[in-house]
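Here's the structure we're looking at; comments come further down.
Each residue takes its place number in the sequence, starting with 1. Everything numeric here is computed off the predicted structure, so don't read it as measured data.
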Amino acid sequence: MAQFPRNDPSRIDIHHHIFPASIDKAGLSEKVGWCTPPENLPWNPDISLRAMDRLNIQTAVLSLPAGLPPGPASEENRTAARRFNEYAARICSDRPGRFGFFACLPNLSDTQGVLTEIAHGLDDLKAWGVAMSSSYGDAAEAKYIGDDAFDPIWAELDRRAAVVFLHGAQVPSSTPYPHPYLGIPVTEVPNETFKAAAHLVVTGKKRRWPNVRIILAHLGGSTPFLAPRVAALSKHMGCPLSPEEIVEDFKTFYFDMALSSHETTLTAMRASVGDDRLLFGTDFPAVSMDTVEWYTKNADDFFAGDRDELEHVMYRNAAGLLQQ
């Protein structure tokens, strides 16, 4: 169970990445049309701690970028997940109170490997949850996380009432991204998050596994705005849930605010799910301090009129979720 030494006022950053040297983050970013700030590479925990102190973040929850460890189901893939998780656990152990982590998993098609790593990550390494990508596999072979093949994994997560941090995969569209300013992380990742969330809802998996507490990265991408579209059109296409049931199931997710906080988006989130489902996040070190500070100021300004509400969004909502 997560424990949080409280400094008032402070924040819990639910969306904070870890970049082990072995992943070559600069090279990965270049392939998808992104530039990880060079001042954040090579990454080490001190880089994050300096940013956290500047932003008054008490605790950051570390996770690998979506899609890691890469590759198909294999012993190599299992071993990579184990090494990443033990590395993250050491960082947390060396700096108690400052870091927690979401365990990464092998490729979800490796059911036994995933179940073994869930047990090791949550029981032995004391991870605060697990991180998932929106889909696993490449091109036509890819499966979204609501696929029936993954039901044994969801059953185990439900039995544990686990927290799942869901991040959109960095997969290309069928067309090139339109401009160098609009690479895959900018334009495609938010829609991948939406597709995974919608898949869980319309297949009935979100209500079938009600004990799993799922956090959607980046306010769910396009989820809050497309949920009503899914509600009626999926029903038209044969979904057994009513439009009202579909909308209600979308409201059962949690939403992190990383790279998404603005008066427009936060107003929509307040109307659609309420502030008790919102969690502070930064996406550091994938982005610069200037970028994080812009979004953080937007959130601070939006909730400035209600100190109690601000405290819930910045700290209490996450603390309550992770301490259950």
Query raised in the report: Is the closest basic N to carboxylate O distance between Arg160 and Asp123 below 4.0 Å?
Result: yes
Query raised in the report: Without hydrogens or angle criteria, can the side chains of Ser48 and His16 be said to hold a donor-acceptor pair below 3.5 Å?
Result: yes
Requested in this report: Without swapping roles, check the side chain of Ser134 against the backbone of Gly168 for a donor-acceptor pair under 3.5 Å.
Outcome: no
Query raised in the report: Between the side chains of Asn107 and Ser109, does any donor sit under 3.5 Å from an acceptor?
Result: yes
Query raised in the report: Looking at His15 versus Phe165, is the centre-to-centre ring distance below 6.0 Å?
Result: yes
**Report entry** Side chains of Asn56 and Ser10, donor plus acceptor under 3.5 Å
**Finding:** no
Report task. Show your reasoning for whether salt bridge (charged side-chain N to carboxylate O under 4.0 Å, His left out) applies to Arg207 and Glu248. Result -> CA-CA 10 Å; Arg207 56 178 50 203; Glu248 286 305 308; over 6 Å; no
**Report entry** Geometric cation-pi criterion, Lys143 with Tyr136: 6.0 Å, 45°
**Finding:** no
Requested in this report: Say whether His17 and Asp283, considering side chains only, have a donor N or O and an acceptor N or O under 3.5 Å apart.
Outcome: yes
Query raised in the report: Side chains of Thr36 and Ser29: do they bring a donor and an acceptor to under 3.5 Å?
Result: yes
**Report entry** Sidechain-backbone polar pair: Arg98 side chain, Gln58 backbone, donor-acceptor under 3.5 Å
**Finding:** yes
Requested in this report: Would you mind telling me which of Glu75, Glu76, Arg82, Glu117 makes a side chain to side chain contact (heavy atoms under 4.5 Å, CB included) with Pro106?
Outcome: Glu117
Report task. Examine distances only and state if a side-chain atom of His218 and a backbone atom of Ala258 form a donor-acceptor pair shorter than 3.5 Å. Result -> yes
Report task. Give a yes or no on whether Asp138 atom CG has more than 12 heavy-atom contacts from other residues, nucleotides or ligands under 6.0 Å away. Result -> no
**Report entry** Cluster overlap Val164 with Ile14, hydrophobic side-chain contacts below 4.5 Å
**Finding:** no
Report task. Return yes if a side-chain donor-acceptor contact under 3.5 Å exists between His167 and Glu192, otherwise no. Result -> no
Query raised in the report: Salt bridge between Arg208 and Asp249, side-chain N to carboxylate O under 4.0 Å?
Result: no
